[in-house]
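Working notes, structure below.
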There are 2 protein chains.
Amino acid sequence: MENNHIEVIAGMLKTMSHPIRLKILCLLQNKEMTVGDIREEVKTTNANVSQHLSILRNQKIIGFRKEANFIYNRIDDVRVLELMQTMGKLYCQNAGE
Amino acid sequence: MENNHIEVIAGMLKTMSHPIRLKILCLLQNKEMTVGDIREEVKTTNANVSQHLSILRNQKIIGFRKEANFIYNRIDDVRVLELMQTMGKLYCQNAGE
DNA sequence: TATCTATTTAGCTTTTTACTTTAATAGCCG
DNA sequence: CGGCTATTAAAGTAAAAAGCTAAATAGATA
């Protein structure tokens, strides 16, 4: 792992390392969701969700699709998707804990 | 992924998401190293390396072994080790980028 | 014991981050 | 058009983290 890789990966990890953002990524693993949908699950304000979504968007982790006056968010970065799966396996399905 | 998992994983990601700490974890993937060894590679001060090592230790990601007046650090958390490998594969060896 | 090296601790300053509130934008539908 | 909804943007405050410096500890060796 070279130095510029380190920087890139550290940036991505930092973006993912906030509980709300991580939960959003979890929710988006299987489906698209609007800000309102996400707010329901995460139990915070629309503004807060929107802020976190735009941080995820800046990192190119998620993308969106507009329809009427809803915006449907989805995970765009396949590597992040794979990483989420690995973490799920390591932290949620194994014996220890 | 349930909520307490989210918190645990987010904490771990946050710990890993600092460039110096990520680099330290990289270096420790294959071998043990002392603070001095690490300082050479990371190009900072001993105090700074030591600070980051203790953050990694608090998260139980790394452990150490004392010998004479050197402390040899190593990765203790197997899950983190596996995560590092996955990230290496996704971000360093594949085509896109 | 005195001194060197490796390591840790503590205090301090600066920067970053999170969250809230409030206001603005933009598309739908009566 | 006018009001409704969903969403975003901006600004402010409070809390956390980063990195530096200097000092303290602890073991090894002369």
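Here is the naming used below: chain letters follow the sequence lines, and residue numbers restart at 1 for every chain.
- Here the side chain of A/A47 is nearest to one of C/dC19, C/dG11, D/dA9, namely D/dA9.
- Candidate nucleotides D/dA28, D/dT21, C/dC19 were compared by shortest atom distance to the side chain of A/H52, and C/dC19 ranks first.
- In this structure, CG of A/N58 is placed 16 Å from P of C/dT16, rounded to the nearest angstrom.
- Put simply, A/M84 and B/Y91 are part of the same group of oily side chains (I, L, V, M, F, W, Y) that touch within less than 4.5 Å, one to the next.
- The separation between A/Y72 atom OH and D/dT8 atom C1' is 18 Å, rounded to whole Å.
- For the pair A/I71 CD1 and D/dA9 C1', the interatomic distance rounds to 13 Å; values are reported in whole Å.
- The two residues B/T15 and B/Q59 have their closest heavy-atom pair at OG1-CG, 2.9 Å.
- The minimum heavy-atom distance linking B/R57 with B/N73 is given by the pair NH2-OD1, 3.0 Å.
- Nearest to the side-chain atoms of B/F70 among the listed nucleotides D/dT8, C/dA6, D/dG19 stands C/dA6.
- Put simply, B/H18 has a side-chain N or O that comes within less than 4.0 Å of OP1 or OP2 on D/dG19.
- Distances were taken from every side-chain heavy atom of B/A68 (C-beta onward) to each of D/dC20, C/dT8, D/dA28; the shortest belongs to D/dA28.
- Look at A/T34 and you won't find any side-chain N or O under 4.0 angstrom from OP1 or OP2 of D/dA6.
- Judged by atom type and distance alone, A/Q51 reaches the base of C/dT20 through a side-chain donor-acceptor pair under 3.5 Å.
- Side-chain contact annotation: A/T45 with A/N48, donor-acceptor N/O pair under 3.5 Å absent.
- Residue A/F64 contributes atom CZ, which lies 11 Å from atom C1' of D/dT7 at whole-angstrom precision.
- Atom CG in B/N46 sits roughly 15 Å away from atom C1' in D/dA23 (whole-Å rounding).
- In this structure, A/K66 and B/N48 both approach DNA chain C, and ranking their closest nucleotides by distance from the 5' end singles out B/N48.
- Across the interface with DNA chain C, nearest-nucleotide mapping of A/I20 and B/V35 shows B/V35 to be the residue nearer the 5′ end.
- Under the 4.0 Å criterion applied to side-chain N and carboxylate O atoms, B/R65 and B/E32 are assigned as salt-bridge partners.
- Nearest to the side-chain atoms of A/N69 among the listed nucleotides D/dG19, D/dT5, C/dT20 stands D/dT5.
- The distance from atom CG of A/N73 to atom C1' of D/dT8 is 12 Å, rounded to the nearest whole Å.
- Between the CG atom of B/L56 and the P atom of D/dA17 there is a distance of 14 Å, rounded to whole Å.
- Listed pair A/R39 / D/dT7 fails the phosphate criterion, with no side-chain N or O lying under 4.0 Å from OP1 or OP2.
- In this structure, B/K14 does not reach the D/dA16 phosphate: none of its side-chain N or O atoms is under 4.0 Å from OP1 or OP2.
- Rounded to a whole Å, the CD atom of B/E67 is 16 Å from the C1' atom of C/dT5.
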